[in-house]
Amino acid sequence: MNNGGVDAAVAPVGGPQPLEWKFSQVFGERTAGEEIQEVDIISAIEFNRTGDHLATGDRGGRVVLFERTDTRDHVGHRRDLEKMDYPMNRHPVFRYKTEFQSHEPEFDYLKSLEIEEKINKIRWCQSANGALSLLSTNDKTIKFWKVQEKKVKKVCSMNVDSTKAMGNSPIVGSSMSTSSRQYIANGGCTSNDFSFPTGGFPSLHLPVVTSHETNLMARCRRIFGHAHDYHINSISNNSDGETFISADDLRINLWNLETNSQSFNIIDVKPANMEDLTEVITSAEFHPTHCNMLAYSSSKGLVRLIDMRQSALCDRHSKLFVEQEAPGSRSFFTDIIASISDIKFAKDGRHMLSRDYLTLKLWDMNMDSGPVKTFQVHEYLRPKLCDLYENDSIFDKFECCLSGDGLRVATGSYSNLFRVFGCSEGSKEATTLEASKTPMRRQSLTSSRPLRSLGSSLGVVRRVKGADTSAPDANGNTFDFATKLLHLAWHPTENSLACAASNSLYMYYA
Amino acid sequence: MSMVEEPLYPIAVLIDELKNDDIQLRLNSIRRLSTIARALGEERTRKELIPFLSENNDDDDEVLLAMAEELGVFIPYVGGVEHARVLLPPLETLCTVEETCVRDKAVNSLCKIGSQMRENDLVDWFVPLVKRLASGEWFTTRVSACGLFHIAYPSASEMLKTELRSIYGQLCQDDMPMVRRSAASNLGKFAATVEYAHLKSEIMQIFDNLTHDDQDTVRLLAVEGCAALGKLLEPQDCIAHILPVIVSFSQDKSWRVRYMVANQLYELCEAVGPEPTRTDLVPAYVRLLRDNEAEVRIAAAGKVTKFSQILSPELVTQHILPSVKELSSDSSQHVRSALASVIMGMAPVLGKDATIEQLLPIFLSLLKDEFPDVRLNIISKLDQVNQVIGIDLLSQSLLPAIVELAEDRHWRVRLAIIEYIPLLASQLGVGFFDDKLGALCMQWLQDKVYSIRDAAANNLKRLAEEFGRDWAMEHIIPQVLEMATTSHYLYRMTILRSISLLAPVMGSEITSTKLLPVVVNASKDRVANIKFNVAKVLQSFVPIVDKSVVEATIRPCLVELSEDPDVDVRYFATQGLQSINH
C-alpha cells in the first residue's frame with residue numbers, strides 16, 4: 001500500500017486551521033414558494049478525475065454536466081480572464097455545459113415491475129480525444145455515455161439538384177433520400193458493367209462541407225443491462241481503465257467497458273433460502289490504484305475488502321473492517337443505524353471512509369481492528385431514533401466524501417445541513433454548514449453544542465444528558481427530515497464542495 | 001439534374017450521400033468508396049476524395065469503421081503503391097478515435113498499406129506517422145501506435161531503429177494501463193522484426209518490465225508474449241530468460257495470470273526443449289492442475305491432451321496421470337467437464353495397455369458423473385472411446401449412463417443425447433441397440449417438449465437409414481403406427497411428422513401399403529391442425545408412391561380435405577392437389 005503518503009502530508013500541518021467556507025455558486029436555485037418538481041431532485045453528484053467537470057443526475061433520468069471556467073484550459077472568455085487577475089477569486093467556478101436524458105422510465109413486463117428513470121450513480125471514465133465519457137445507472141441498467149463537440153455541418157454543392165441545395169438543405173435532404181432509394185436498387189449493376197475512363201468523370205465532384213460552429217452531443221455508446229435482479233446501488237471504475245463493477249443488494253458484477261454482452265458475477269451474498277438473508281450489499285468501490293482490490297459495505301455495518309486475485313468467485317474477504325459494538329449498548333435500532341450507506345476510498349488508497357446513520361468512520365486499510373477516527377454527524381438524533389424509524393428517515397442513505405488531500409471528510413445531514421470534519425492528527429475541525437447562500441449561518445447556532453468525537457462510552461452518557469436538553473434544540477432548530485442533504489462531492493484537487501439540496505446544486509469553497 | 005449526365009446519376013447520388021443525414025445511406029456510400037474513386041479517377045481521388053475523407057471524420061462510429069476498412073484496400077484506386085502514402089492521413093485520424101474497434105481496424109489497414117509501401121516511402125511517411133501517434137496527447141493514439149512498429153521497423157535506418165526501440169520501451173511504461181496493454185500484446189509481433197542482439201537485450205528488458213507490471217491485465221498479456229518470444233529466442237536464451245518468468249507466472253498471486261499460463265504452457269515446451277520441459281514445465285503444469293482456483297484447473301484440464309502429446313508416455317504416466325485422476329473427482333463440475341471433453345485424446349499417447357489400465361477407470365467414473373455435461377462430453381467423443389476400449393466394455397458401462405441421460409429432467413440434455421443416438425447406433429450395432437435404446441427412441445416421441453419430439457422423429461429417420469428398411473419395418477414402423485391414434489393431438493402430430501420423414505427412406509412399397517392408410521385415416525381427425533398436416537404429408541408422398549396410388553388414394557383424400565370447413569386445411573389440401581396436377 002501507498003505507505004506514508006498521508007503521514008507525510010499530515011505531519012507538518014499538525015492541526016490545520018478549520019476552513020472558512022464561502023458560498024460560490026448555486027444552480028437551479030429555488031425561488032420562495034416554488035414547488036419542487038420530483039423529477040428535478042438531484043440524486044447523484046460526481047466530479048471527474050481532474051475536477052474540470054462535474055456531473056449531476058436527477059430523478060428524472062437526466063444527467064447535467066458542468067465545466068470549470070476559472071482554469072487556463074478554458075481561455076477565450078475575456079471576462080473569465082479578467083476575473084483571474086483577482087487572486088481572491090481563485091476558486092473553482094463552474095458553468096452549465098450540457099445535459100441529456102440518460103434513462104427513461106421503463107416497465108419490466110416479465111416481472112410486472114416499474115423501473116424508475118432515477119439516476120442512482122454517475123462515474124466518470126477516462127476521457128479520450130477531447131470527448132467526455134461517463135457511466136450512469138438507474139436501478140437496473142448502466143449506460144456508457146460519450147459527450148463530444150460535434151461540428152454543425154452544412155453540406156452544399158451537391159452533384160444532384162445543386163440549385164436547390166443552396167440554402168434549402170432540409171428539403172433537398174428529403175428529396176434526395178427518396179430519389180436515391182430507387183437508385184440503390186439498380187446501382188449495383190451500374191458499377192460493374194460501367195466502364196470508367198482513366199481520368200474519371202470531370203463532371204462529378206464531392207460535396208462541400210462547411211461548419212461554422214460546434215454543438216455538444218451526447219451519445220450512448222453502450223448499454224449494460226439485464227444483469228441485476230435487485231436494485232443497483234453502486235458502480236465503480238477499475239484503475240485498469242478497462243473494467244468496472246456494478247453492485248446491487250445481493251450481487252456484484254464485473255464488466256468490461258468494451259463488452260455489454262456478458263458480465264461476471266464475482267460476489268453473491270444471496271443465501272440459498274431467502275429467509276436466511278441477514279445482510280445486503282449497500283455500496284461497493286474499487287481501490288483507486290490496486291486493480292485487484294475492491295471494498296463493499298453491508299447493512300450489518302461492516303466493510304469487506306476483496307482481493308480479486310485470490311479466486312474467481314470472491315466469496316471470501318481478505319480483510320474485514322467492523323467496529324466492535326460496546327457491550328450493553330444494544331437496542332432495537334442498533335442494527336439499523338449500523339448499516340453503512342456509502343464507502344469511499346481516499347486518493348492515497350490507504351484510507352477509507354464509511355458512513356452509517358449517525359457517524360462517519362475513517363479506516364486505515366492496514367488496521368482492521370477498528371476505525372482510526374469516528375465522527376458524530378448528528379448525534380443529537382439518537383434520542384429521536386424511534387420517530388425517525390416511524391417516518392422511515394432512519395433508512396436514508398447519506399453519501400460521504402473525502403478531500404483530495406485526504407485531510408478532511410464531509411457528509412450530509414437533515415435540514416439541508418452538511419458537516420466537514422478534519423481528520424488529520426489532532427484536528428478538532430468540525431464545521432456545520434447549511435446548503436444555502438449563507439453556509440456559515442448554522443455554525444453560530446451549533447458551535448456551542450459539543451457534538452464532536454467523544455469516546456463511545458462517553459457518547460452514551462451524553463446521549464442521556466442530551467435527551468434532557470433536547471427540547472430547546474428541537475424547538476430552536478426544528479430538524480426538517482424532509483430536507484435532507486444526501487449527495488455531495490469534494491473537488492479532487494481544491495477545497496471545494498458540491499452539495500445537492502433537493503433540486504439545487506450548491507457550490508462552496510474555502 | 002442538368003449538371004450530371006444520365007448514366008452518371010447513380011454515382012452522383014452515391015457521392016452526395018457521403019454526407020446524407022441518414023446514417024444508412026452514408027454507410028452505403030462508404031462501402032462503395034471504390035466505385036466513387038473509380039468514377040473520380042486516380043488523380044482526383046488523391047487530391048479530392050482522400051482529403052475530403054480526412055476532413056470529415058467526426059462521423060458515427062459505424063461509418064468510421066467502414067471507412068477504416070475500405071481504406072485498407074484502397075491502394076489501387078489512388079494510383080498504386082507509389083501513391084500509397086496519401087492514404088496515411090485519413091487512417092491516422094481514425095487511429096485516434098475512442099471506439100476500440102475503429103482504431104483496431106485503422107491500425108489493421110495501416111499495416112496492410114505499410115507492408116506494400118516502398119521502403120523509402122516508409123521511412124519518409126510511415127515512420128514519422130508512428131512517431132507522431134506514439135507521442136500523441138490522448139492515450140488512444142498511443143494505443144494505436146503500438147500496433148504499427150513491426151511495419152515501420154524493418155526499413156528504418158540504424159539510428160531510427162534505435163529510436164523506435166526506445167519509443168516502444170517508453171510505451172511499455174506509459175501512465176495509462178491501456179497503452180501498456182497494447183504494447184504488451186503487440187510485443188511479440190514487434191520482437192519478430194528486431195535483430196537478435198537487440199532482441200536479447202532491449203526487448204527482453206522491456207518484456208521483463210511488463211512481467212512486473214502492477215496491473216494484472218498487463219501481466220496477463222505479457223504471459224501471451226512468453227510463447228511468442230520463446231519461439232523467437234534460441235533454446236538456451238529461452239531457458240535463461242523466458243523459463244524463469246513462466247515458472248514464476250505459474251505461481252503468480254493472481255489466478256487470472258495462472259489461468260493464462262495454464263492455457264499457454266504447452267506452447268512453450270517446444271521452445272525450451274525436452275530437458276527443461278521435464279525439469280521445470282511439467283512440475284509447473286502439475287501445480288496448475290492442482291491449483292486452488294477452479295478456473296485455473298479448468299484451463300489446465302482442457303489442455304491435458306495437448307500437453308501430453310508433447311511429452312513421452314513415461315512422463316505422462318508418471319506425472320500427469322495422477323493429477324488427471326484427481327481431477328476426475330474434482331469438486332467443480334466444470335473442471336470435470338473440461339477434463340471429460342479432452343481426456344480421450346490421451347489414449348493414443350498412452351497406448352492400449354496403459355489406457356485400459358489407467359485411463360479406463362477415470363473414463364468410467366466420468367461416465368457415471370452426477371453432472372450431465374460431464375457425461376455428455378464423454379459420450380460425444382464416443383468414436384474415440386470405442387477404438388480404445390472395444391464395444392463390449394463400452395456398452396456395459398455406457399448403456400446405463402445413456403438411459404439415465406435419456407430421462408434427464410433438463411430437456412437440453414435429452415436433446416443432446418438424442419442427437420448422439422445415430423452415432424451410438426452405428427458404434428454399437430444392431431444387436432446392442434434393439435432392447436433398451438429402441439424403447440427410449442419411442443418414448444421420446446411422446447416427450448413433453450416439442451424440440452425433443454421433433455428430434456426424436458428425425459432420429460427415427462436416421463436410424464432407419466443406418467440399419468436399413470428391414471430392420472425399420474420390424475423395429476420402428478409398427479411402434480410408430482401404433483401411436484397414431486394416441487389421445488393427445490400433439491403426439492399424433494409428431495407421428496405424422498415421423499411418417500413423413502420415414503417415407504422417403506422406406507420407399508414406395510412400404511409407404512403405400514403401411515404408411516398411407518394410417519395417414520388417410522388421420523384425415524378424419526377432429527383436430528384441424530392434424531388435418532392440414534395430413535394434407536402436407538400427402539403432398540410429400542406424391543413423388544414417392546406410384547401414380548396409381550396417388551389417383552386412387554391420395555387425390556380423393558385431398559379433395560375431401562379441400563372442402564373442409566377450416567380455412568387452413570382447405571389451403572394445404574388445395575396446395576396438395578396442385579402438386580399432383582403438375
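Note on naming: letters A, B, ... go to the chains in the order of the sequence lines (proteins, then strands), and numbering restarts at 1 for each one. Reckoned from all heavy atoms, side chains included, excluding hydrogens, waters and symmetry mates.
- Here the closest non-hydrogen pair linking B:Ala39 and A:Leu204 is CB-CD1, 3.8 Å.
- The number of heavy atoms from other shown groups lying within 6.0 Å of OH (B:Tyr259) does not exceed 12.
- With sequence neighbours excluded, the residues satisfying side chain to side chain donor-acceptor pair (under 3.5 Å) with A:Arg251 are A:Asp229, A:Asp268.
- Proximity to chain B involves both the backbone and the side chain of A:Ala312, based on heavy atoms less than 4.5 angstrom apart.
- Per-residue counts of heavy-atom pairs under 4.5 Å with chain A were compared for B:Glu43, B:Glu293, B:Glu295; the largest is that of B:Glu293.
- The greatest number of non-hydrogen atom pairs below 4.5 Å with chain B, out of A:Leu313, A:Val208, A:Leu206, A:Asn238, is found for A:Leu206.
- Heavy atoms of B:Glu137 lying under 4.5 Å from chain A are absent altogether.
- Between A:Cys291 and B:Thr217, every side-chain heavy-atom pair lies at or beyond the 4.5 Å cut-off.
- No hydrogens or angles considered: a donor-acceptor pair under 3.5 Å links the side chains of A:Asn129 and B:Glu98.
- For A:Thr289 against B:Gln215, the heavy-atom pair with the smallest separation is O-NE2, 4.1 Å.
- With a threshold of 4.5 angstrom between heavy atoms, A:Ser127 approaches chain B through its backbone and through its side chain.
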For side-chain contact (heavy atoms from CB on, under 4.5 Å), just list the numbers for A:Arg219 and B:Asp60, CA-CA rounded to whole Å, side-chain angles, deciding distance to a tenth of an Å, and then say yes or no. CA-CA 10 Å; A:Arg219 234 174 78 97; B:Asp60 288 313; 3.0 Å; yes
Under the salt bridge (charged side-chain N to carboxylate O under 4.0 Å, His left out) rule, what do B:Glu99 and A:Arg222 come out as? Steps first, then yes or no, please. CA-CA 11 Å; B:Glu99 195 55 50; A:Arg222 253 169 225 103; 2.4 Å; yes
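- Inter-residue side-chain proximity for A:Asp240 and B:Met176 is flagged as unmet; no heavy-atom pair is nearer than 4.5 Å.
- Nearest heavy-atom pair, B:Pro177 versus A:Ser239, reported as atom, atom and distance to 0.1 Å: CG-O, 3.5 Å.
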Run the numbers on A:Arg309 and B:Asp252 for salt bridge (charged side-chain N to carboxylate O under 4.0 Å, His left out), then give the verdict. CA-CA 9 Å; A:Arg309 283 178 185 167; B:Asp252 197 278; 5.4 Å; no
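- Scanning both residues, B:Thr140 and A:Ala128, for their nearest heavy atoms gives CG2-CB, 3.6 Å.
- For chain B, the nearby parts of A:Glu242 are the backbone and the side chain; heavy atoms of each come within less than 4.5 Å.
- Distance CG/B:Asn56 to NZ/A:Lys151: 7.0 Å, rounded to 0.5 Å.
- In plain terms, the two heavy atoms of A:Lys150 and B:Asp59 that are nearest each other are NZ-O, 3.7 Å.
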Take A:Val209 and B:Lys19, measure what side-chain contact (heavy atoms from CB on, under 4.5 Å) needs, and give me the verdict at the end. CA-CA 8 Å; A:Val209 182; B:Lys19 282 290 141 210; 3.5 Å; yes
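- Heavy atoms closer than 4.5 Å to chain A are found in the backbone of B:Asp214, but not in its side chain.
- Shown here are the side chain to side chain donor-acceptor pair (under 3.5 Å) partners of B:Arg336, two or more places apart in sequence or in another chain: B:Asp369.
- Looking at B:Thr96, the atoms closer than 4.5 Å to chain A (heavy atoms on both sides) sit in the backbone and in the side chain alike.
- At a 4.5 Å heavy-atom cutoff, A:Thr243 makes no contact with chain B through either its backbone or its side chain.
- Interface summary for chain A: among B:Glu48, B:Arg258, B:Glu42, B:Arg44, the most heavy-atom pairs under 4.5 angstrom belong to B:Arg44.
- With A:Gln310 contributing its side chain and B:Ser254 its backbone, the two residues share no donor-acceptor pair below 3.5 Å.
- Within 6.0 Å of NZ on B:Lys105 lie no more than 12 heavy atoms contributed by other residues, nucleotides or ligands.
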Kindly determine whether A:Asp307 and B:Lys253 satisfy salt bridge (charged side-chain N to carboxylate O under 4.0 Å, His left out), including the steps that lead there. CA-CA 10 Å; A:Asp307 183 355; B:Lys253 272 186 302 205; over 6 Å; no
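- Nearest heavy-atom pair across B:Ile15 and A:Pro207 is CG2-CD, 3.6 Å.
- Proximity to chain A (any heavy atom under 4.5 Å) is restricted, for B:Arg181, to the side chain, taken from C-beta onward.
- Other residues, nucleotides and ligands contribute more than 12 heavy atoms inside 6.0 Å of the CZ atom of B:Arg290.
- The distance from the NE2 atom of A:His205 to the CZ atom of B:Phe52 is 11.5 Å, given to the nearest 0.5 Å.
- Within the 3.5 Å criterion, the main-chain N or O of A:Ser311 finds a donor-acceptor partner in the side chain of B:Trp255.
- With a 4.5 Å cut-off on non-hydrogen atoms, B:Asp291 does not touch chain A at all.
- Heavy-atom contacts from other residues, nucleotides or ligands closer than 6.0 Å to CD of B:Gln24 number 12 or fewer.
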